[in-house]
Amino acid sequence: MSQVRCALTIAGTDPSGGAGIQADLKTFQELKTYGMSVITSVVAQNTTGVRSVEHMPLSMIEDQLDAVIEDMPIHAVKTGMIASKPMMELIAEKLKQVDAPYVMDPVMVATSGDALINEEARNFLRQYLLPLTTVVTPNILEAEFLTGLSIESTDDMKSAAEYLVHEYGVDAALVKGGHLKGQAVDFLYDGKQMHSYAAERIDTKNTHGTGCTYAAAIAAYLGKAYPLPEAVKHAKAFVTAAISKSFALGKGNGPTNHWAIRENAGREITHES
């Protein structure tokens with residue numbers, strides 16, 4: 001058995017380097033995980049928004065997936081932007097061949113507000129991809145869309161996490177509270193327990209790619225056989241450090257700093273079950 005832990009990201013690109021495949025691979029590398037990638041869409045974006053998107057042909061996505069699955073060990077999978085129903089159908093079938101934790105970052109809208117997937121794909125994601133996931137990591141806006149619930153409080157966040165598990169069959173749901181005021185508190189529900197993760201809110205607009213980075217960090221830790229609550233705790237510390245030392249690059253929402261954890265820049269994370 002290989003001693004090297006390997007994680008696969010299936011997502012779109014970000015030529016400015018802060019989100020998507022690029023953020024995932026940086027995160028894997030920082031967490032000493034061998035990163036592999038399958039590109040679903042080439043996205044022309046930067047810190048100010050999305051300019052255009054070109055989706056990969058299904059045959060190319062399938063060839064990429066087969067190339068990895070047939071040759072490489074896979075200890076964790078993370079998905080980001082999957083733009084269409086046919087893409088999701090293909091990926092769902094391929095994931096059935098992989099015996100590894102699956103972390104879904106349900107990418108639907110960019111930080112800038114640009115829509116990234118269509119309505120048909122969103123519905124398929126809810127009905128068919130969610131039941132395959134080990135943990136789904138929506139922010140509040142994504143959780144509202146997935147559940148149809150209005151989320152205005154921490155109690156609403158908990159309800160949304162429970163709804164995702166009980167209504168859609170996901171193993172666990174992590175609803176992130178970055179859009180609420182006060183402490184940055186996230187809630188993880190695993191079907192039995194509600195876990196909370198609180199960190200000091202950081203006053204910065206440079207949060208480009210935080211969702212990608214957080215989910216990729218969870219995947220890296222799960223791939224190293226951390227229990228899910230511990231994987232989330234460590235991933236929360238990683239992304240909090242990355243935000244606390246983020247870069248004022250670009251003209252919009254700058255990127256996070258993926259090597260910040262090396263500088264012991266993380267804020268204290270409070271984990272309660």
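Worth knowing before you read on, the calculation uses all heavy atoms, side chains too, and leaves out hydrogens, waters and symmetry mates.
- Other residues, nucleotides and ligands contribute over 12 non-hydrogen atoms within 6.0 Å of the NZ atom of K94.
- For the residue pair N46 / H208, no side-chain donor-acceptor distance below 3.5 Å is found, with atom types taken as modelled.
- With sequence neighbours left out, the ring pair (Phe, Tyr, Trp, His ring centres under 6.0 Å) criterion links Y102 to no other residue.
- Of the N and O atoms on the side chains of D105 and Y214, not one donor lies less than 3.5 Å from an acceptor on the other residue.
- A cation-pi contact, defined as under 6.0 Å to the ring centre and within 45° of the axis, is absent between R5 and F28.
- Ring-centre distance between H166 and Y189: below the 6.0 Å cut-off.
- Between F238 and W259, the gap from one ring centroid to the other reaches at least 6.0 Å.
- Within a 6.0 Å radius of CD in E230, more than 12 heavy atoms belonging to other residues, nucleotides or ligands are found.
- H271 and H195 have tilted rings, their planes meeting at an angle from 30° to 60° on a 0 to 90° scale.
- The main-chain N or O of A237 is never found under 3.5 Å from a side-chain atom of T240 such that the two would form a donor-acceptor pair.
- For the residue pair H55 / S84, no side-chain donor-acceptor distance below 3.5 Å is found, with atom types taken as modelled.
- Residues L146 and P106 form a side-chain contact, since some pair of their non-hydrogen atoms from C-beta on lies under 4.5 Å apart.
- By the ring pair (Phe, Tyr, Trp, His ring centres under 6.0 Å) test, F187 is found to be paired with no residue, residues two or more places apart in sequence or in another chain being considered.
- With sequence neighbours left out, Q22 forms a side chain to side chain donor-acceptor pair (under 3.5 Å) with no residue at all.
- Between S153 and D155, the side chains place no donor N or O within less than 3.5 Å of an acceptor N or O (distance only, hydrogens not considered).
- In Y34, the OH atom is not crowded: 12 or fewer heavy atoms of neighbouring residues, nucleotides or ligands sit closer than 6.0 Å.
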